[in-house]
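Working notes, structure below.
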Amino acid sequence: MKFFIDTANIDEIKEAASLGILDGVTTNPSLVSKEGKDFRKLLDEILKIVDGPISAEVVSTDYDGILKEAREYAAIHKNIVIKVPLIKEGLKAVKTLTEEKINTNVTLCFSPSQALLAAKAGATYISPFVGRLDDISTNGMDLISQIVQIYRNYDYQTQVLVASIRHPLHLVEASLIGADVCTMPFSVIDKLFNHPLTDNGLAKFLSDWKKLTDKK
Ligand code: E4P
């Protein structure tokens, strides 16, 4: 299971990277807009921190526009993955980018049929959004099971990148299903470490140890 952080915030990326468990980064136009910085400069900063796949999303919605943006981002560094929305023009562009050996992440996937199309187009990653499905009372994790099963049935190499993760249980469920990657906000990565029994156990170990050293 690969761990990506879903943010464009440099401090969060630095902190997650320092934990030693970070494999990559995903951004989207909303996350980048929140930072209020030039995207190109932001990408340069991220590339210096993380040596792994970094998703940069295009904002064009037509084939030529998507390809133009994609080629510009891809030329920056081999680790840049082009994030493309799951629309007809987007998948046409993914097919071309795949032929050009440019890695892609097809985003805004909400159904197994969409995921099948992305795999047929040759996408490197498919990003199904579990949290946004849960938000409309549809089990997002069922979608992950279906996509993993479909890809296994036909031996598609497209990696299932579980997105829109809201809590640690999403990661656990995605791991049990066998998804390839989870992209998580920093707040979720942070929560993965926590367990009250760990805190209580450590406090007891340290206080018992102190009793011994105090005796000396
Ligand atoms: C995926 O790549 C998106 O950046 C992200 O996971 C969306 O998450 P949200 O539904 O919490 O906005």
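Below, all heavy atoms of this structure are taken into account, side chains as well, without hydrogens, waters or symmetry copies. Both counts, for ligands and for their atoms, begin at 1 and track the order of listing.
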Just how far is it from atom CE of Met1 to atom SG of Cys182, taken to the nearest 0.5 Å? 3.5 Å

Specify the protein heavy atom at minimum distance from atom 5 (C) of ligand 1: its residue, its atom name, and the distance to 0.1 Å. Asp6 OD2, 2.8 Å

N/O to N/O below 3.5 Å, does that happen between Ser127 and ligand 1? no

Could you give all pairs that pass the side chain to side chain donor-acceptor pair (under 3.5 Å) test and reach residues 181-204, with sequence neighbours left out? Thr26-Thr183, Lys204-Asp208

Is there any N or O on Thr107 that sits under 3.5 Å from an N or O of ligand 1? no

Paired with Ser55, the side-chain hydrogen bond (donor to acceptor under 3.5 Å, both in side chains) test is passed by just one of Thr107, Asn105, Asn103, Thr124, namely Asn105

Side-chain touch Ile54/His77, heavy atoms, less than 4.5 angstrom: no

Subset of ligand 1 atoms that lie under 4.0 Å from at least one heavy atom of Ala163: 1 (C), 2 (O), 6 (O)

Please write down residue, atom name and distance for the protein heavy atom closest to atom 8 (O) of ligand 1. Ser164 CA, 3.4 Å

Output the distance between atom CD (Glu35) and atom OG (Ser30), rounded to the nearest 0.5 Å. 12.0 Å

Give the atoms of ligand 1, by number and element, whose distance to some non-hydrogen atom of Arg132 is under 4.0 Å. 7 (C), 9 (P), 10 (O), 12 (O)

Can you pull out the closest protein heavy atom to atom 2 (O) of ligand 1? Residue, atom name and distance to 0.1 Å, please. Lys83 NZ, 2.6 Å

Distance-only N or O hit between ligand 1 and Arg166, under 3.5 Å: yes

How many angstroms lie between atom NZ of Lys78 and atom CG of Asp51, to the nearest 0.5 angstrom? 5.5 Å

So, is Thr183 polar-close to ligand 1, with some N/O to N/O distance under 3.5 Å? no

